[in-house]
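Okay, so here's the structure we're looking at.
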Amino acid sequence: MDSIRVHHGRVTDICVPVAPPVTDTTPPAEQEPPRAGCVITASDDGFCRLVDPTAKSVHAVFVCAHSVHSLCYRHPTVLAGCGDGNIRGYNIHTAQQSVQLRHHKDSVLSLIHIS
C-alpha cells in the first residue's frame, strides 16, 4: 500500500465526507459533494486537509492556526475542534472559514453531528 504525507504533525482525526441529499431547494453550488474517495484529515500542525489518497493530492487546506483534535462534516461545512477551545467551520468548496464558536475554555477533543 502506498502512502502520502500531507501533514507535518501527528494526524489526530480522519473524516470521510458523504454526499449530501439534494433537494429542489438546494443551491447548485452546494450540491457538488467532495470527490469520491477523499478524506478530511486533522493534525496537531494546525491544518485540516481534503485529501484524495488515490491521486496522492490535496484538494483543500483549512488553516486553523492551532492544533486540531476533532472533525465533523455536514455538507458544505467542515467543523474543526481546536486546541485553543474554539470550533471553527470551513466551507469545503472555498476552504474559507465561515464560523467560529468560542464557548470552550479548553481543547475541543471530540465533535459529533446530530441531525
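When reading the values below, keep in mind they use all heavy atoms of this one structure, side chains included, and skip hydrogens, waters and symmetry mates.
- Counting only distance, with no hydrogens or angles, the side chain of Asn91 and the backbone of His93 share a donor-acceptor pair below 3.5 Å.
- With a 4.5 Å cut-off on side-chain heavy atoms, Ile87 and His104 count as touching.
- Both Val61 and Val39 are members of a single hydrophobic cluster when ILVMFWY side chains are connected at heavy-atom separations under 4.5 Å.
- Between Asp44 and Arg10, the shortest heavy-atom contact is OD1-N, 2.7 Å.
- In plain terms, the two heavy atoms of Ser107 and Gly83 that are nearest each other are OG-O, 3.1 Å.
- Between the side chain of Ser67 and the main chain of Gly46, no donor-acceptor pair closer than 3.5 Å is present.
- In this structure, Val99 is not a member of the same hydrophobic cluster as Val78, with clusters built from ILVMFWY side-chain heavy atoms closer than 4.5 Å.
- Within the 4.5 Å cutoff, the side chain of Ser98 has no heavy atoms near those of the Gln96 side chain.
- Atom NE2 of His113 and atom OG1 of Thr77 lie 10.0 Å apart (nearest 0.5 Å).
- To the nearest 0.5 Å, atom CD1 of residue Ile14 and atom OG of residue Ser43 are 10.5 Å apart.
- The minimum heavy-atom distance linking Cys48 with Cys64 is given by the pair SG-SG, 4.0 Å.
- Counting only heavy atoms from C-beta outward, the side chains of Leu111 and Asp13 never approach each other to under 4.5 Å.
- Of all the heavy atoms in Ser70 and Leu109, the pair that sits closest is CB-O, 3.5 Å.
- Summarising the geometry, atom SG belonging to Cys82 is positioned 11.5 Å from atom CZ belonging to Arg102; distances are rounded to the nearest 0.5 Å.
- In the hydrophobic cluster analysis, where Ile, Leu, Val, Met, Phe, Trp and Tyr join through side-chain heavy atoms closer than 4.5 angstrom, Val11 is grouped together with Val16.
- Grouping the Ile, Leu, Val, Met, Phe, Trp and Tyr side chains by contacts below 4.5 angstrom, directly or via other members, places Leu71 with Tyr73.
- Atom CG of Leu50 sits about 6.0 Å away from atom NE2 of His59, to the nearest 0.5 Å.
- Using a 4.5 Å cut-off on side-chain heavy atoms (C-beta onward), Val63 and Phe47 make contact.
- Residues His69 and Val108 form no side-chain contact, since every pair of their non-hydrogen atoms from C-beta on lies 4.5 Å or further apart.
- Below 30°, between 30° and 60°, or above 60°: for Tyr90 and Phe62 the angle between ring planes is between 30° and 60°, a tilted geometry.
- Annotation for Ile112 and Cys72: closest pair C-SG, 3.9 Å, computed over non-hydrogen atoms.
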